[in-house]
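What follows is a single structure, written as structure tokens, with notes after it.
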Amino acid sequence: EGKPMHRSKGNFIPMLKAVEAYGADVTRCSLLLAAENMDDPDWRAEALRDMRTKLEGFYATAKAIVDQKESSSITQPEKWLLSTLQRRIQKAEQAISVMKNRTALENVFFEVWNDFRWYLRRCEIPNGKVLKEALSVWVRLMAPFAPHLCEQIWEEVGGKGFIVDAPWPTHDPSKVDFTAEEAERLVKDTMEDTSNLLKAIKIKPKRVCYYVASDWKWAVYMKALEMAESRRLERSTLIREAMSAPSMKTKAKEIAAFAGKIADQTARMPDDQRRLRVKLKKLDEIAVLKSAQKLYSKHFDVEFLLFREDDSERYDPKGRATLAQPYRPAIYIE
């Protein structure tokens, strides 16, 4: 009597018995995810059971990573994983500093887990050394929220001493790789665009072709980004400046049409993304998409072909290549 209760589908469970029934880590994480700030907590038995399943999955993923063979190969996906972790660290620190513990837990648990899932899906042969380094960061980020489970993982991953005494991960600028992050964004966005097209046409495809934007489009695109950054982007000015180069004189009609689209897009682009792309300059889309061909072929179970828009020998029966834009390859499905 007098004990707080919660109800789920007709089953009453004493809240004070939650630790005994589900464990301290499950209860702590469920409580933290139930509410934030002054919100009323959403406390249900389903949440406890779901969290227990997720923490068991976290442990299974950690165990699988520990068993991965080490490799010295550092490619784009590895750089992306380590770089993205730095963003997660920053976000967690910001959330915890203002007592947004649910936001912090959602970030270090669900978002980081999604990062690991993407990396493992992306790589034909995962780099065990990088995975263990990333896991060391992940388990320390999770330690304040699920200390008992993280202590077990910390021991199995070879961490020194107890995880409670291990330093909280700090942001390391040397591991931030904006090129890798934008490259993986291109891989993901292209995959999503392809999925949406396949859903729309509702046919079993035989072949998918990608066409990346030509150099002149990149030149106009970069000019639009720079003008938007300096707050002087206007369509007419963009066209005039883009055509100032002698090599562009013969493309007046194409530049006028393309500049209108790009001016609108760059004006709506978030400031931080626009600033980043100005800094990075042109992305080698051919190399990026070529690195993901096996991923695409496996996921969609079709043959993939990759061309430059201005490749005279490209396979393009429907003339789709002219639709290519920087960071948005044109797609042809047959």
Side-chain angles (χ1 to χ4, degrees), residues 18-33 47-72 74 77-97 99-121 123 125-176:
V19 173
E20 179 182 335
Y22 296 98
D25 287 346
V26 171
T27 303
R28 180 185 290 105
C29 289
S30 298
L31 281 168
L32 287 171
L33 291 173
L48 288 161
R49 289 192 287 269
D50 183 55
M51 179 52 65
R52 180 167 59 189
T53 299
K54 286 182 169 62
L55 288 177
E56 289 171 351
F58 170 45
Y59 180 66
T61 299
K63 288 278 289 181
I65 289 172
V66 170
D67 295 336
Q68 288 280 346
K69 293 182 180 180
E70 295 195 359
S71 170
S72 59
I74 304 293
E78 284 78 33
K79 294 175 182 178
W80 171 83
L81 178 62
L82 296 177
S83 183
T84 300
L85 268 176
Q86 300 310 308
R87 294 191 180 278
R88 304 301 182 203
I89 291 169
Q90 282 186 308
K91 186 174 179 179
E93 288 177 343
Q94 292 167 359
I96 290 173
S97 68
M99 297 298 290
K100 289 186 175 292
N101 294 319
R102 182 173 68 182
T103 298
L105 179 54
E106 287 174 341
N107 175 59
V108 302
F109 190 30
F110 299 113
E111 296 302 325
V112 174
W113 200 348
N114 285 337
D115 296 337
F116 273 83
R117 285 194 184 105
W118 172 256
Y119 172 79
L120 291 169
R121 182 184 183 188
C123 297
I125 303 176
N127 186 314
K129 182 178 180 181
V130 169
L131 276 171
K132 289 169 188 173
E133 178 184 343
L135 176 60
S136 173
V137 174
W138 189 16
V139 72
R140 281 181 287 149
L141 288 173
M142 278 292 295
F145 308 103
H148 302 285
L149 178 59
C150 289
E151 197 68 69
Q152 178 67 30
I153 297 173
W154 184 248
E155 180 180 346
E156 295 184 18
V157 80
K160 296 180 180 179
F162 296 106
I163 197 169
V164 69
D165 298 319
W168 173 265
T170 56
H171 180 255
D172 184 352
S174 69
K175 291 179 180 174
V176 175

Closest non-hydrogen atoms of Ala166 and Arg140, given as atom of the first, atom of the second and distance, are CB-CD, 4.0 Å
Please tell me whether Trp138 and Phe116 form a close aromatic pair, meaning their ring centres lie under 6.0 Å apart. yes
Does the distance from a Lys or Arg side-chain N to an Asp or Glu carboxylate O, for Lys54 and Asp50, drop under 4.0 Å? yes
Is the shortest side-chain heavy-atom distance between Cys123 and Glu78 below 4.5 Å? yes
Where the side chain of Asn101 meets the backbone of Leu32, is there a donor-acceptor pair that is under 3.5 Å apart? no
Identify the two heavy atoms, one from Ala146 and one from Cys29, that lie closest to each other, and give their separation to 0.1 Å. CB-SG, 4.2 Å
Over all heavy atoms of both residues, which pair between Glu151 and Gly161 is shortest? Give the atoms and the distance, please. OE2-O, 4.4 Å
For Gln68 and Gly128 the tightest heavy-atom approach is CB-CA, 3.8 Å
So with a 6.0 Å cut-off around NZ of Lys132, is the heavy-atom count from everything else above 12? yes
For the residue pair Val108 and Arg88, establish whether any side-chain heavy-atom pair is separated by less than 4.5 Å. no
Measuring only between side-chain heavy atoms, which start at C-beta, is Leu141 closer than 4.5 Å to Trp168? yes
What pair of heavy atoms forms the shortest contact from Ala143 to Ile163, and how long is it? CB-CD1, 3.9 Å
Donor-acceptor contact present, side-chain Trp154 to main-chain Lys160, <3.5 Å: yes
Side chain to side chain contact (heavy atoms under 4.5 Å, CB included) evaluation trace for Asp25 with Phe58: CA-CA 12 Å; Asp25 287 346; Phe58 170 45; over 6 Å; no
Measuring only between side-chain heavy atoms, which start at C-beta, is Met142 closer than 4.5 Å to Pro147? no
Do Val66 and Leu135 make a side-chain contact, defined as non-hydrogen atoms from C-beta onward lying under 4.5 Å apart? yes
May I ask you to decide whether Lys100 forms a salt bridge with Glu106, counting only side-chain N to carboxylate O separations under 4.0 Å? no
Does Phe162, at its CZ atom, have more than 12 non-hydrogen atoms belonging to other residues, nucleotides or ligands within less than 6.0 Å? no
From CA spacing to verdict: side chain to side chain contact (heavy atoms under 4.5 Å, CB included), Leu131, Tyr119: CA-CA 9 Å; Leu131 276 171; Tyr119 172 79; 3.6 Å; yes
Indicate yes or no for a side-chain donor-acceptor contact from Ser97 to the backbone of Gln94 under 3.5 Å, with no hydrogens or angles considered. yes
May I ask you to test the Met51-Tyr22 pair for a side-chain heavy-atom distance under 4.5 Å? no
Verdict with reasoning, Val112 to Leu85, per side chain to side chain contact (heavy atoms under 4.5 Å, CB included): CA-CA 7 Å; Val112 174; Leu85 268 176; 4.0 Å; yes
Is it true that a side-chain atom of Gln86 and a backbone atom of Asp172 form a donor plus acceptor pair closer than 3.5 Å? yes
Applying the side chain to side chain contact (heavy atoms under 4.5 Å, CB included) test to Arg117, which of Asn114, Asp115, Leu120 qualifies? Asn114
Check whether any side-chain heavy atom of Leu33 lies under 4.5 Å from a side-chain heavy atom of Phe109, and answer yes or no. no
Can you confirm whether Arg52 sits close enough to Ser30 that some side-chain heavy atom of one is under 4.5 Å from a side-chain heavy atom of the other? no
Quiz question: by atom type and distance under 3.5 Å, do the side chains of Glu156 and Gln152 form a donor-acceptor pair? yes
Heavy atoms only: give me the nearest Leu82-Ala134 pair and the separation to one decimal. CD2-CB, 4.5 Å
